[in-house]
Every structure is written in C-alpha cells, then in structure tokens.
Amino acid sequence: MIGTDGVTRIVLPSSGKIGRLSEVIGARAPGPDVSLADQRRLFEEVTARLPLAEGVRCRPVDAGGVPAEWIEPPHCRRAAPIVMYFHGGGYIMGSLNTIRALASRLSDAAGARLLSVGYRLAPEHPLPAAVDDGVAAYRYLLSLGTAPSHIVLGGDSAGGGLTVAVLMAIRDRGLPQPAGAICLSPWSDLTLSGSSIDTHEDTDPEVRRWRLTQMAELYLDGQDPRSPLASPALADLTGVAPLLVVAGTAEVLQDDAVALGAAARRAGVDATVELYQDMIHVWPAFAPGLPEATATIDRLAAWINEQCKEQP
C-alpha cells in the first residue's frame, strides 16, 4: 500500500537469515584506520566469493573509451532490454569485479543484456569523471543502434546516485532519455542531511557517517556537495526517465531513497519508491543465499521489462 508520503512499504516473507547476515557483515566492516587501498582490496575479496547466476556469459568491452563488461544470460531474447549498470562503492572503490555477481542475477532474472560500467573512481578522478564516463557509455549504446526505449539505467549505493546524475547529464546534453532507471539503496544526498544516517546506525551493519563523510570529501575534492550531479535528491529532475527507487528500512540511506523519490515527483517524474521491511544496504547482492534478495531482484527485473514493453 502506498502511504501518504508516496512510499510503498513492503514486507517480504522472512527467511530468518537477515539478522545473521548483518552480524557477519558488521564483523568484517573496516574501521576508520583502514587505508583506502585496503578498503578497496577487502571489497574485491569479499565480493569475489558471491556466486554468479548459472550460464551467464561475461565479456569485456570498450564502451566509448570506458572499460565495461557485457553480461548476457543464456536465455536472452533478441528484443530484450539492455540494462546499463553502475556499481556501488562510495565513488572511491568497487569495480566490474565487485558487481559481477549481482549484475549477473539481475541480467538473468530480466532476460536482458547488461552493460556493467567501470567508471573512474575518486580521489584519482573526482566529480564529474564518473558522470562523464556514464554519459560516454550511454552514447556507446546509442551508437550501436539501440533504441532508448529499450535501455534501462541502474545502480546501487553510490551507483544509484550516479544513475540519476547521468540521467540529468544526458538530459542537459540533449540526448534522449532511456525507458527508465532503477536506484537500489541510492546515495543521493552528499550533504549527509538524512536523519536515518544517525537513527539507523544500530541496524545498518556497515555504512556509517564517518565512511560517507570520507567518501564524499574524496569524490567532491572541494566541490559543493549540493551541486546537482553530486546530490540528485536536491536537484531539479525535470525531464528525467521514470524511476524505481528501492531501499531497506534498516539501512542508513533510507532517507536518501525517500528524498530522491520526492524530488522526482516534485519535478513531475514518474517515481516509485519502495521500502522493504528490515532489509539492509544493497541486500539483493546476497542472492541466492538470502531469499529476500532473490525476491527483490525478481521485482527489479519485472519493472525493467515493463518499462521496455512495446507500446501498441
């Protein structure tokens, strides 16, 4: 049911596993004294253990000068949608490797080809490098003759915020909008004004204000955190594609998701915001071991196909 705030609250059948998963994640979360190099290494090591969907094929590609990877399920239809996806990692870590498992499962569930984008990271490449890479990858898809109506953008965490920043950037460059965009646990406000950053600290096993502060400082490199490409939740989103914004009620970035949806609706954008009871940050990454993750991926896949459905 949609509440008066325009948010749909969803309770998934419980597997009883989310509590134990949170404990495991919390136990391995790096502290403030861990170097960026070690944070990146740990992220790569942990995500490497996550299994890919069976039968998917992964192949590297140069997407307009941006390193990327095509992920294709064995049952992909010729007219299937194309998902262009941005990994999470706070703009300072993450890679094609860290997102491969989740991307493979989303691709498989949707029966869609997925282009995973290896955008440049801060502090080596601060804002707007990641946005520029996203635009270049989108131009690459268009250069292949792909109809915008068959493209859906998507991303998780920082990749969710980047997704909307890229929508604004292609709008401002006069490029056609895709069919839609999915934002999973998006980080959409780099001013860190959401109250859930503090109130949900006890239920979010990994994301903390100190980590977000560090990431924002490195990504912004002295730029204004209120700038549209940094904080889409504070921007004018007029003219961007329809959005599906998904977050958990146990995560620190819950308020970012709600604020992003509200900003979109103020601009007249078709925006659906769904909050999943007791779910943690980017919980779909833990499929298939977490049944709630698989159920959410199926929801994202259904929305992708609905947005790209041929209209009479």
Side-chain angles (χ1 to χ4, degrees), residues 53 56-73 76-77 79-89 91 94-121 128-173 175-186 188 229 232 240-246 282 284 297 300-301 303-308:
V56 296
R57 183 176 66 162
C58 305
R59 56 185 178 90
V61 65
D62 181 328
V66 180
E69 183 173 78
W70 278 114
I71 298 178
E72 300 165 320
C76 185
R77 309 182 312 276
I82 290 179
V83 179
M84 190 173 86
Y85 199 89
F86 302 104
H87 65 79
Y91 297 109
S95 68
L96 299 177
N97 299 326
T98 62
I99 198 58
R100 189 173 290 120
L102 174 55
S104 75
R105 296 193 177 278
L106 180 59
S107 172
D108 186 58
R113 299 174 71 200
L114 185 147
L115 183 70
S116 181
V117 181
Y119 57 90
R120 288 171 289 173
L121 300 176
V131 180
D132 291 342
D133 287 353
V135 174
Y138 187 69
R139 288 186 186 273
Y140 163 75
L141 286 183
L142 297 180
S143 75
L144 299 178
T146 311
S149 60
H150 273 70
I151 301 173
V152 170
L153 270 57
D156 61 274
S157 197
L162 178 58
T163 293
V164 185
V166 170
L167 290 179
M168 289 188 288
I170 64 176
R171 173 199 65 189
D172 295 345
R173 288 164 171 78
L175 297 172
Q177 288 287 301
I182 54 175
C183 302
L184 173 58
S185 298
S188 62
L229 296 182
V240 306
L243 301 179
L244 173 62
V245 183
V246 171
V282 196
I297 289 173
L300 298 176
W303 190 87
I304 288 168
N305 280 292
E306 182 65 26
Q307 291 303 120
C308 294

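For the atom pair CD1 (I182) and CD1 (I304), the distance works out to 4.0 Å, reported to the nearest 0.5 Å. From I297, atom CD1 reaches atom OG of S107 across 11.0 Å, with rounding to the nearest 0.5 Å. Atom OG of S143 sits about 12.0 Å away from atom OH of Y138, to the nearest 0.5 Å. Annotation: the span from F86 atom CZ to I99 atom CD1 amounts to 12.0 Å, rounded to 0.5 Å. Here OG1 of T163 is found 6.0 Å from CG of L153. Values are rounded to the nearest 0.5 Å. Expressed to the nearest 0.5 Å, how far CE of M168 lies from CD of Q177 amounts to 10.5 Å.
For the pair N305 (side chain) and A110 (backbone), a donor-acceptor distance under 3.5 Å is present. Formation of a donor-acceptor pair under 3.5 Å by the S157 side chain with backbone atoms of G88 is not found in this model. A donor-acceptor pair under 3.5 Å is formed between the side chain of R173 and the backbone N or O of A169.
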Notebook entry, point to check: Which is it for M84 and V117 under the side chain to side chain contact (heavy atoms under 4.5 Å, CB included) test, yes or no, and what are the steps along the way?
Noted result: CA-CA 7 Å; M84 190 173 86; V117 181; 3.6 Å; yes
Check: Please walk me through it: do L106 and Y85 pass side chain to side chain contact (heavy atoms under 4.5 Å, CB included)?
Finding: CA-CA 10 Å; L106 180 59; Y85 199 89; 4.1 Å; yes
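Nearest approach of G118 to V66, heavy atoms of both residues: O-CG1, 4.0 Å. For T98 against G94, the heavy-atom pair with the smallest separation is OG1-CA, 3.4 Å. Here the closest heavy-atom approach between residue A158 and residue G89 is recorded as CB-N, 4.5 Å. A pairwise comparison of heavy atoms in A179 and P242 identifies O-CD, 3.5 Å as the closest pair. Summarising the geometry of A101 relative to S104, their closest heavy-atom pair is O-OG, 2.7 Å, with the distance given to 0.1 Å. Looking at every heavy atom in both residues, V83 comes nearest to A112 through CG2-CB, 4.3 Å.
At a threshold of 4.5 Å between non-hydrogen side-chain atoms, the residues S116 and R100 do not count as touching. At least one side-chain heavy atom of L115 sits less than 4.5 Å from a side-chain heavy atom of V61. In this structure the side chain of H150 never reaches within 4.5 angstrom of the side chain of I82, judged on heavy atoms. Using a 4.5 Å cut-off on side-chain heavy atoms (C-beta onward), I170 and P178 make contact. By the 4.5 Å heavy-atom criterion applied to side chains, L102 and V282 are counted as neighbours. P186 has its side chain out of reach of D156: every pair of non-hydrogen atoms, C-beta onward, lies at least 4.5 Å apart. Residues V246 and S185 fail the side-chain proximity criterion, which asks for heavy atoms closer than 4.5 Å. At a threshold of 4.5 Å between non-hydrogen side-chain atoms, the residues L244 and C183 do not count as touching.
Salt-bridge formation is not detected for the pair R59/E69: no Lys NZ or Arg NE/NH1/NH2 atom is positioned less than 4.0 Å from an Asp or Glu carboxylate oxygen. R139 has no carboxylate O lying under 4.0 Å from a charged side-chain N of D132, or vice versa, which leaves the two without a salt bridge.
Using cut-offs of 30° and 60° on the angle between ring planes, the pair Y119 and H87 is parallel.
Remark: R113 qualifies as a cation-pi partner of W70 under the 6.0 Å distance and 45° angle criteria applied to the six-membered ring.
Of the candidates V166, L162, V240, V164, V164 is the only one forming a side-chain contact (heavy atoms from CB on, under 4.5 Å) with P232.
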